[in-house]
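Let me begin by presenting the structure, written as structure tokens, before commenting on it.
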Amino acid sequence: MSTGATIIENLKMFWSFTGFHNATVSHLIMILIGLIFIYLAIKKDWEPMLLVPIGFGILIGNIPLFPGLQVGVYEEGSVLNILYQGVKQGFYPPLIFLGIGAMTDFSALISNPKLLLIGAAAQLGIFGAYAISLAIGFTPSEAGAIGIIGGADGPTAIFLSGRLAPDLMGAIAVSAYSYMALVPVIQPPIMRLCTTKKERLIRMKPPRPVSPVEKKIFPIIGFLLTAFIVPSGIPLLGMLFFGNLIKESGVTRRLANTASGPLIDIVTILIGITVGASTQADKFLQGSSVLIFGIGALSFVIATFGGVLFVKFFNLFLKEGNKINPLIGNAGVSAVPDAARVSLNVGLEYDKTNYLLMHAMGPNVAGVIGSAVAAGILLGFLA
Amino acid sequence: MMKKIIIISVSLFLALSLSAQNQADMYLNELLVTNTADFQDDFGQQNAWFELFNSSYGTVDIGGCFLTNDRNNPKKYIIPKGDVLTKIKPRQHVLFWADNQPFHGTFHVNFTLAESDSIFFVASDGRTVIDCIAVPKNLSENVSFGRLDDGKGTKDGKGTGWAVMERTSPSTNNSGVDGKTKSQIMAETDPYGGIMALIAMSTVFMALIVLCFLFKGVAKISMNSQDKKSKATQKSASVEAKTVSVTEASAESFAAIAMALHLFNEENQAHDDESFVVTQVHTDRTYSPWSSKIYTLRQTPQIIKK
């Protein structure tokens with residue numbers, strides 16, 4: 001073979017290795033989705049901490065590969081595959097919960113414990129989505145994994161789907177994070193629909209100051225109680241309350257700083273990039289993913305309805321002066337603090353001096369506990 | 001010092017007992033005495049066999065443990081250490097051939113079941129009997145005797161939970177492999193998800209209601225103790241007030257002080273509860289160029305304007 005022919009042959013071989021040669025329409029669609037995520041994060045400031053890593057992860061995962069190069073996220077032994085084990089084996093979500101615990105102030109909840117119940121009511125989204133998924137034809141395990149999107153909690157969704165329906169994890173995680181970013185868009189119309197003008201103007205009692213002792217006791221009692229009721233939720237509940245204890249104990253500030261700072265940042269980067277990369281076109285672009293996105297949206301809607309309507313129902317039993325503004329009902333989902341911020345903003349639209357943020361933080365952090373408990377129940381019943 | 005020693009000793013004891021607990025998760029699970037038409041070993045021989053089952057959800061290494069048919073000789077057959085096959089995976093079985101041919105490999109013991117009244121699985125300490133079972137004498141050919149459910153029943157050798165099996169199941173579940181998954185059971189019992197929703201929502205509510213009441217109680221106790229403290233403070237303040245005249249500060253002053261404190265705390269990321277402990281530790285370091293900061297610092301490039 002002449003030198004020219006050899007060069008052409010080698011160039012042809014090289015061309016067959018490139019992404020241009022292996023690209024399909026599915027790859028291009030996924031790359032477009034990744035770019036949209038990055039755009040929304042940078043331009044619209046929608047959950048940038050999540051959407052930038054996930055969006056870029058989608059780009060990484062959808063570069064058309066020549067198989068066998070040991071670089072893809074699903075190729076055993078590749079760097080991405082090793083990082084992906086944290087998602088697959090489920091050890092990133094509890095670490096994120098550790099950080100959330102270390103940065104969450106449960107004072108609003110401790111000062112007004114009845115707000116915990118709103119966090120429970122909003123979990124209706126999970127079980128509404130579970131029933132819808134079953135009706136559509138998903139198996140109970142898959143339905144449980146899809147249902148958890150309604151908890152509005154990305155780490156919990158990853159944790160549960162990794163155990164109940166690993167094949168659907170990419171779609172579930174992306175759906176959960178996308179709708180968490182869309183909380184300011186999804187929730188306000190439902191909140192307005194469910195409430196009267198009079199209800200939106202309800203002023204709540206300012207929360208009482210909470211003593212440091214109460215703050216220290218809360219994570220211990222909270223963990224013991226919830227873990228005894230739902231032991232399958234231990235990885236999430238244990239880390240959440242442990243994180244909070246190291247924050248509130250006052251003697252482990254360095255640990256709390258690490259958990260709420262560098263550690264959660266590192267794990268967020270890893271979880272975002274690997275979840276994004278796991279949405280390889282051939283695994284992600286399927287009919288089931290579209291259904292999951294649809295059910296995910298419905299679950300957020302049901303959760304918001306559940307939270308707001310529960311507050312209205314609860315108000316029937318509360319004396320005048322102790323009533324709860326139903327606009328904080330939406331915050332029962334665990335998208336912290338976005339859902340609480342939505343309560344504040346919608347509240348301010350009707351009364352410029354009615355700041356609902358502190359009150360909404362109560363159900364919001366209760367939602368974190370509630371979704372972890374719900375995940376534990378689903379795991380116990382279906383795993 | 002004594003306290004520390006006690007704590008360390010207790011921790012060590014617990015750690016040791018935990019490792020023993022792993023071996024304690026092993027069960028004698030099934031046995032077959034007369035094998036003429038059942039499972040064959042790697043040498044193509046049909047011999048008596050018995051099965052161990054790891055009931056735990058962690059891997060258990062049985063290397064170094066013992067098997068015997070003589071209570072007075074608990075170390076009759078030592079399961080060789082260092083064989084990867086003696087690391088029994090969670091909820092898995094391992095089969096031993098009772099053919100009195102130990103030179104055939106790790107899983108061939110030096111006694112037979114026909115000559116045994118009982119068999120014992122003994123921990124690596126050579127003393128603790130983890131499980132034992134009396135070998136039935138009237139068992140038919142190719143019929144096994146085993147636990148009705150893997151790892152269920154007593155370990156006292158009396159055979160509670162054991163029965164003559166309908167079919168032999170060497171190295172697999174005694175209750176059959178056609179068991180339904182939880183998901184399949186849910187699909188049959190709750191096809192619309194209503195029961196699950198009801199149970200789960202009730203559980204979430206119950207958990208959070210109990211937490212709510214607990215914290216109402218804690219809040220009451222805390223507020224009572226705060227009231228007591230503030231009353232005590234007021235008393236001492238009123239005594240002081242009698243001697244010192246204090247000019248009343250305006251609400252604006254309080255607001256300004258609160259704002260200043262808030263800003264200060266925010267800036268310093270100060271915690272609500274300070275430890276008030278300052279620790280200074282003096283450390284001596286002998287100079288070494290390897291640890292010298294001068295060599296590890298990056299030089300900031302300077303722009304020289306001409």
Side-chain angles (χ1 to χ4, degrees), chain A residues 105 107 109-111 113-117 119-121 123-124 126-128 130-135 139-144 147 164 208-218 221-222 225-226 229-230 247-251 253 256-257 366 369-371 373-374 376-378 380-383, chain B residues 57 91 180-230 258 261-262 265-266 268-279:
Chain A
D105 187 353
S107 301
L109 198 62
I110 301 168
S111 70
K114 62 176 178 277
L115 298 180
L116 270 164
L117 303 183
Q123 305 313 316
L124 194 66
I126 294 176
F127 301 103
Y130 173 76
I132 295 169
S133 308
L134 281 181
T139 66
S141 293
E142 291 169 341
L164 295 182
R208 69 173 176 83
V210 175
S211 71
V213 179
E214 284 176 86
K215 285 185 182 179
K216 288 180 183 91
I217 292 172
F218 180 79
I221 293 184
L225 182 78
T226 51
I229 293 173
V230 194
K247 172 183 180 280
E248 300 298 352
S249 69
V251 289
R253 195 178 306 164
N257 287 343
I369 303 170
S371 63
V373 172
I377 295 167
L378 287 169
F381 272 103
L382 303 170
Chain B
Y57 289 84
R91 311 291 296 173
K180 287 177 181 165
T181 61
K182 284 182 184 174
S183 179
Q184 285 168 329
I185 295 167
M186 283 303 289
E188 283 173 14
T189 54
D190 182 24
Y192 304 109
I195 298 170
M196 163 69 99
L198 192 69
I199 295 173
M201 282 303 285
S202 321
T203 312
V204 175
F205 262 104
M206 189 185 72
L208 297 185
I209 285 172
V210 175
L211 199 58
C212 169
F213 279 112
L214 267 173
F215 266 84
K216 281 201 162 179
V218 170
K220 265 189 187 170
I221 296 167
S222 165
M223 278 156 72
N224 284 345
S225 71
Q226 273 178 357
D227 278 353
K228 275 181 192 170
K229 270 184 195 171
S230 61
L261 282 171
H262 176 72
N265 284 342
E266 213 168 48
N268 292 288
Q269 293 182 328
H271 199 274
D272 300 346
D273 200 17
E274 298 297 339
S275 63
F276 300 108
V277 177
V278 177
T279 312

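Note on naming: letters A, B, ... go to the chains in the order of the sequence lines (proteins, then strands), and numbering restarts at 1 for each one.
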Name the member of [options] that forms the most heavy-atom pairs with chain B at distances under 4.5 Å.
options                                : answer
A:Ser141, A:Pro209, A:Ala131, A:Ala143 : A:Ser141
A:Leu124, A:Val213, A:Leu164, A:Leu109 : A:Leu124
A:Leu225, A:Val373, A:Ile229, A:Ile132 : A:Leu225
A:Ile126, A:Thr226, A:Leu117, A:Thr139 : A:Leu117

Restricting to non-hydrogen atoms, name the atom on [X] and the atom on [Y] that form the minimum distance, rounded to 0.1 Å.
X        : Y        : answer
B:Ser222 : A:Ser211 : OG-OG, 3.2 Å
A:Gly380 : B:Lys182 : O-NZ, 3.0 Å
A:Glu214 : B:Ala219 : OE1-CA, 3.4 Å
B:Gly193 : A:Tyr130 : CA-CE2, 3.5 Å
A:Ala120 : B:Met201 : O-CE, 3.4 Å
B:Phe215 : A:Phe218 : CZ-CA, 3.0 Å

Checklist line | Which of B:Leu211, B:Thr203, B:Val210, B:Ile185 touches chain A most, by non-hydrogen pairs under 4.5 Å | finding: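 Most pairs with chain A among the choices: B:Leu211.
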| query | Relative to chain A, which segment of B:Ile199 carries a heavy atom at a distance below 4.5 Å: side chain, backbone, both, or neither? | reply |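 Side chain of B:Ile199 only, per the 4.5 Å heavy-atom cut-off to chain A.
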Rounded to the nearest 0.5 Å, what separates atom CG in A:Leu134 from atom OH in B:Tyr192?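 These two atoms lie 10.5 Å from each other.
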- Message: Rounded at 0.5 Å granularity, tell me how far CD1 in B:Ile221 sits from CD1 in A:Ile217.
- Response: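 Output value for this atom pair is 8.0 Å.
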With a 4.5 angstrom heavy-atom cut-off, which part of [X] approaches chain B: side chain, backbone, both or neither?
X        : answer
A:Ala383 : backbone
A:Ile369 : side chain
A:Ala135 : neither

